[in-house]
There are 2 protein chains.
Amino acid sequence: MSSPRPLRADAARNRQSLLAAAADEFAERGLDASVADIARRAGVGKGTVFRHFATKDDLLAAIVIDRIDTLNTVGEKLLGAADPGAALLEFLTVAAHQRQQRDLSFLQEAGDLSPEVVRVRAHMFDIVHRLVDRARDYGVVRADVTGADVILLMCAPNYVASYVPDAPPDLWRRYLAIIFDGLRPQSAHPLPHPPPSVL
Amino acid sequence: MSSPRPLRADAARNRQSLLAAAADEFAERGLDASVADIARRAGVGKGTVFRHFATKDDLLAAIVIDRIDTLNTVGEKLLGAADPGAALLEFLTVAAHQRQQRDLSFLQEAGDLSPEVVRVRAHMFDIVHRLVDRARDYGVVRADVTGADVILLMCAPNYVASYVPDAPPDLWRRYLAIIFDGLRPQSAHPLPHPPPSVL
DNA sequence: CCATAAGCGGACCGAGCGGTCATGTTATCG
DNA sequence: CGATAACATGACCGCTCGGTCCGCTTATGG
């Protein structure tokens, strides 16, 4: 599984610099941040980027996989929490907090996503489904909402907040709260469209 | 105000073809649809695009202005509706229905937006604020939600629905309903962040 | 300390973009 | 109908992008 030869010391350092720089750059300028800018920010040459990541998408995938993985770890723990409603809200908070400023839209760009991304993403989807099921049984999520709905709504708070020019960094919390209130049974009105089957 | 010379017949035809083609192309491929593709779709040369619209952004602006304008007309009428709650929901439905498939994100790209866009957008913002105020007084929108909140949340349903690969064209209605339920007083929990002041 | 392989850098490439322009075409009107 | 101004066209320009490649540097193990 692990590579037979460990990385050289400087190579390992550069790899970390690159991941950090890329995460920042993607966060600030969206997914069309240029590889050259990322390299400059990391203090390395452009060639070095492609030595570590065969393609720009691979670099993005590495970041995304890391984020989803830590999110999954949080999710697994929350599956055992005492209050399933608070657990779901906490999970969504961590998720939104993680991809700060800009959505990395790792769900998009269908077709050309690596098997590894597909794997961790599927794992995350499963966790969300179970968190939602528990919260629904517990009575804090309305009966007609599915895990797929929550997965889709998960990125909305960051997206919405990104529209205000100099947004305070926690503005997304406000919209997460509003959307979460929409998931509760108390205000539930009949939904005009069935949930999506896939995801 | 109006141009002194009317357009020649063929020029007027091409202009309409271009607007329609651009609207379709932007809807399908987002705002990085190429001018060349738009021209091909409209059945004209690339140079013709720039004869009618000095820049790609101007073309986008023309579409956006038209859409916001018709939305504003609907909004004005709804300001006099009997049921302010239904009026607000109807407005949001029309808004979401209009920018089908993809968000044109006319709020973004701050800085380089034409004065005309700023004008009609400001008008729309005013209408939303009044619709929300009326709905709040009527008791169908929670006390701690502002017009700015609704403006920001307005594009979310389309955004959310755009993530599912082969989404049914009306899926956004489901998420508009959920988000709208989040705006109702029945499920309101305290919001963790103040509303944005601008907009 | 040296030999060597791993790693690095940045000039370079082809593709695609928004936008321009000289040349050819056509609607319009006296 | 003919003169002319308005219009259309697509080759072309400059630019930026993701990705390549080869000559140079440097960490590493014996």
Side-chain angles (χ1 to χ4, degrees), chain A residues 2-26 28-64 104-106 108-109 111-114, chain B residues 2-23 25-26 28-64 104-105 108-109 111-114:
Chain A
S2 66
S3 50
R5 243 330 217 277
L7 279 181
R8 229 169 65 175
D10 53 348
R13 246 185 295 117
N14 282 339
R15 189 171 217 277
Q16 287 312 112
S17 302
L18 271 174
L19 283 171
D24 289 350
E25 205 75 13
F26 282 135
E28 287 177 12
R29 330 231 306 214
L31 33 70
D32 42 339
S34 79
V35 174
D37 286 346
I38 291 172
R40 197 173 310 125
R41 189 165 188 147
V44 303
K46 201 169 68 157
T48 305
V49 179
F50 292 102
R51 160 165 294 268
H52 288 278
F53 307 95
T55 192
K56 182 186 174 182
D57 282 345
D58 282 7
L59 173 53
L60 180 59
I63 296 173
V64 163
L104 288 186
S105 76
F106 52 88
Q108 286 272 59
E109 60 212 68
D112 56 344
L113 53 178
S114 82
Chain B
S2 65
S3 50
R5 240 334 216 276
L7 281 179
R8 228 169 69 174
D10 53 348
R13 245 186 296 117
N14 282 340
R15 190 172 215 279
Q16 287 312 112
S17 300
L18 272 174
L19 284 171
E25 205 75 12
F26 281 134
E28 286 177 14
R29 329 228 309 209
L31 34 69
D32 43 338
S34 78
V35 174
D37 285 348
I38 292 172
R40 197 173 311 121
R41 189 166 188 146
V44 304
K46 199 170 67 156
T48 306
V49 179
F50 292 102
R51 160 167 294 269
H52 287 279
F53 307 95
T55 192
K56 183 187 173 182
D57 282 344
D58 282 6
L59 172 54
L60 180 60
I63 296 173
V64 163
L104 288 186
S105 76
Q108 286 270 60
E109 59 212 68
D112 57 343
L113 54 178
S114 82

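Chain A is the first sequence line, chain B the second, and so forth, proteins listed ahead of strands; every chain is numbered from 1.
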Roughly how many Å is it from CG in A:D58 to P in D:dT20, rounded to a whole number?
11 Å
Quick one: list whatever passes side-chain hydrogen bond (donor to acceptor under 3.5 Å, both in side chains) with B:R8, sequence neighbours left out.
B:D10
Which pairs of donor and acceptor atoms, one on a side chain in residues 15-23 of chain B, lie under 3.5 Å apart (sequence neighbours left out)?
| from | atom 1 | to | atom 2 | distance (Å) |
| --- | --- | --- | --- | --- |
| B:S17 | OG | B:R13 | O | 3.2 |

How long is the line joining CG of A:L59 and P of D:dC17, in whole Å?
15 Å
Round to the nearest Å and state the distance from A:D37 atom CG to D:dT16 atom C1'.
11 Å
Between C:dC8 (P) and A:L18 (CG): distance, integer Å
9 Å
How long is the line joining CG of A:D32 and P of C:dG18, in whole Å?
13 Å
Who passes side-chain contact (heavy atoms from CB on, under 4.5 Å) against A:A39, sequence neighbours left out?
A:V44, A:V49
Report all interatomic pairs (protein N or O, nucleotide N or O of nucleotides 6-10 of chain D) with separations under 3.5 Å.
| from | atom 1 | to | atom 2 | distance (Å) |
| --- | --- | --- | --- | --- |
| D:dA6 | N3 | B:R8 | NH1 | 2.7 |
| D:dC7 | OP1 | B:R8 | N | 3.4 |
| D:dA8 | OP1 | B:N14 | ND2 | 2.4 |
| D:dA8 | OP2 | B:H52 | NE2 | 3.3 |
| D:dT9 | OP2 | B:G45 | N | 2.7 |
| D:dT9 | OP2 | B:T48 | OG1 | 2.9 |

Atom CD1 of A:I38 and atom NZ of A:K56: how far apart are they, to the nearest 0.5 Å?
6.5 Å
Which protein N or O atoms sit under 3.5 Å from an N or O of nucleotides 1-4 of chain D?
none

Under the side chain to side chain donor-acceptor pair (under 3.5 Å) rule, what pairs show up with a residue in residues 36-46 of chain B, not counting sequence neighbours?
B:E25-B:R41, B:E28-B:R41, B:R29-B:D37, B:S34-B:D37, B:D37-B:R40
If you round to the nearest 0.5 Å, how far is NE2 of A:H52 from CG of A:D58?
13.5 Å
So B:A33, base contact, sugar-phosphate only, or nothing? Heavy-atom distance under 4.0 Å.
sugar-phosphate
Quick one: A:F50 CZ to C:dC12 C1', roughly how many Å, whole number?
13 Å
Does C:dG19 have its OP1 or OP2 closer than 4.0 Å to a side-chain nitrogen or oxygen of B:T55?
yes
Of B:K56 and B:A9, the one whose nearest nucleotide on DNA chain C sits closer to the 5' end is B:K56
Quick one: B:E25 CD to C:dG18 C1', roughly how many Å, whole number?
15 Å
Separation of C:dT26 P from B:R13 CZ (nearest whole Å)
12 Å
